[in-house]
Amino acid sequence: MLLNRKILTLDEFTIQQLREFPHATGELSNLLRDLGLAAKRVNVEVNKAGLVDILGDAGSTNVQGEDVKKLDVFANDQFTGVLRHGISCAGIASEELDDYVAFDDAVSRQSKYVCLFDPLDGSGNIDVNVSIGTIFGIYRRVTGKGELASKADFLQAGINQVAAGYIVYGSSTMLVYATRRGVNGFTLDPSIGEFTLSHPDIKCPPSGGIYSVNHGNFFRYEKGVQNYITACQKKDKTSGGPYTQRYIGSMVSDVHRNLIKGGIFMYPGTVDKPKGKLRLLYECNPFAFIVEVAGGKATNGRQRILDIVPTELHQRTPMFIGSREMMDELEQNMTLS
Ligand code: P6P
């Protein structure tokens, strides 16, 4: 039963979904509400990043060997904190933390989910005011309720995700999340401080005219990828083009745009970095889940992203994701070469 209002908040939407599953415990709704709360707190700091000395390196470097910006640390603390003090999460893994964290208290030990996230992806763009984002994936734990979460809970194939989503801190702040029932987008309404349903039932167009890739690495990509990029540049009206190249350098923004408008995002491996740059567990798996539910595809060039069985928390993978027909054309080029 839809409430007698057009605008649903995130909480109202998740509770409405819950009402359709009487046996559901409400833990997933609680977890999504917790993530929404942390996102609102991060959004406040992101919006004023240029005004206070929250910019600049925190002096440390994270497991990726990258300079850590203070906002990275703040965002990580916010998402870790709300999940630790919630009632739905047994533990977390984060781009900013060397290892996973099992929440060792009686309530968390009884929780049935674990959450993996990149608290602030694209943080290199903070200082130049380019949009950045948070990416998260939610899994049912494989260890028993009452036990401490273990690494096995986090090293699950992406196909096991119960839900996945992202927040994009851009011209407006949006939270998009997917369950197997669909993908829905919520825009933060500052007047009431709530995420409100703005993009119901998002579908990825089967094709599009946007391709996103870092051209600077073109001659380091394998031949099939080079051939596909060249084919994108040669598209004309008779072959479904011309295509446009759009690459912000912030995965959340690039993939979000392509999800809505249709397109393909590529972060291929290179000669010197065959696994590419992007992280499987908390960058690629969540987006692969979301885009597949919306009707698109996501592979590492040879295998479905969601089928990859992880061996390490921070392992990298080449990433190709987007509209189904564009992905099929890419795969044909990679097979032929
Ligand atoms: P490059 C940001 O650092 C990030 O992880 C993604 O958000 C983005 O798509 C990618 O790296 C950009 O990497 O090497 O093209 O600058």
Side-chain angles (χ1 to χ4, degrees), residues 39 42 46 49 55 57-58 60-73 75-76 79 93-97 116-137 164-170 173-174 176 210-222 225-226 229 232 245-261 263-288 290-291 296 298-301 305 313-322 330:
V42 170
V46 168
L55 287 180
D57 300 349
S60 62
T61 57
N62 64 18
V63 290
Q64 334 297 339
E66 297 164 343
D67 291 337
V68 175
K69 304 278 184 191
K70 288 179 183 173
L71 263 180
D72 282 26
V73 177
N76 186 65
F79 283 97
S94 166
E95 180 182 34
E96 291 301 327
L97 301 176
L116 295 91
F117 53 79
D118 181 353
L120 208 58
D121 179 71
S123 53
N125 293 307
I126 294 171
D127 295 355
V128 292
N129 208 26
V130 168
S131 54
I132 52 184
T134 299
I135 313 165
F136 62 88
Y166 59 89
I167 298 100
V168 50
Y169 309 99
T173 297
M174 268 194 78
V176 176
I210 297 171
Y211 70 102
S212 307
V213 69
N214 183 335
H215 266 280
N217 292 326
F218 180 85
F219 294 105
R220 298 183 183 84
Y221 297 147
E222 65 179 270
V225 175
Q226 291 183 10
I229 293 171
C232 289
Q245 206 271 345
R246 286 282 184 274
Y247 189 74
I248 296 177
S250 176
M251 182 184 192
V252 176
S253 303
D254 280 318
V255 179
H256 174 70
R257 180 202 52 242
N258 293 357
L259 172 65
I260 303 294
K261 295 190 169 185
I264 188 169
F265 171 90
M266 299 173 273
Y267 204 105
T270 56
V271 175
D272 52 329
K273 294 179 180 174
K275 289 289 186 186
K277 172 183 181 183
L278 301 179
R279 307 297 174 169
L280 173 63
L281 270 63
Y282 40 75
E283 290 176 335
C284 298
N285 271 337
F287 273 119
I290 295 162
V291 168
T299 74
N300 64 2
I305 288 287
L313 284 180
H314 302 290
Q315 71 185 69
R316 303 173 192 267
T317 177
M319 177 68 152
F320 303 89
I321 184 171
L330 165 73

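Note that ligands are numbered from 1 as they come in the structure, with each ligand's atoms numbered from 1 the same way. We use all heavy atoms of the structure for the numbers below, so side chains are in, but hydrogens, waters and symmetry mates are not.
Here atom 4 (C) of ligand 1 lies nearest to K277 when heavy atoms of R279, K277, E283 are compared. Which of T270, D118, D121 comes nearest to atom 7 (O) of ligand 1 through a heavy atom is settled by distance: it is D121.
Distance alone, capped at 3.5 Å, places no donor-acceptor pair between the H256 side chain and the I167 backbone. Using a distance-only test at 3.5 Å, with no hydrogens or angles considered, no donor-acceptor pair links the side chain of S94 to the main chain of D118.
Shown in contact with G122 at under 4.0 Å from a heavy atom are these atoms of ligand 1, numbered in order with element: 2 (C). Listed by atom number, the atoms of ligand 1 under 4.0 Å from M251 heavy atoms are 6 (C), 7 (O), 8 (C), 9 (O). For ligand 1, the atoms lying closer than 4.0 Å to a non-hydrogen atom of N214 are 1 (P), 14 (O), 15 (O).
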Exercise. Give the C-alpha distance, both sets of side-chain angles, the deciding distance and a yes or no for side chain to side chain donor-acceptor pair (under 3.5 Å) between H215 and Y247.
Key: CA-CA 9 Å; H215 266 280; Y247 189 74; over 6 Å; no

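Below 3.5 Å of separation, one finds no N or O of D254 facing any N or O of ligand 1.
Contact annotation: the side chain of E95 approaches that of E283 to within less than 4.5 Å [non-hydrogen atoms, C-beta and beyond].
Remark: aromatic rings of Y166 and F287 are close, center separation under 6.0 Å.
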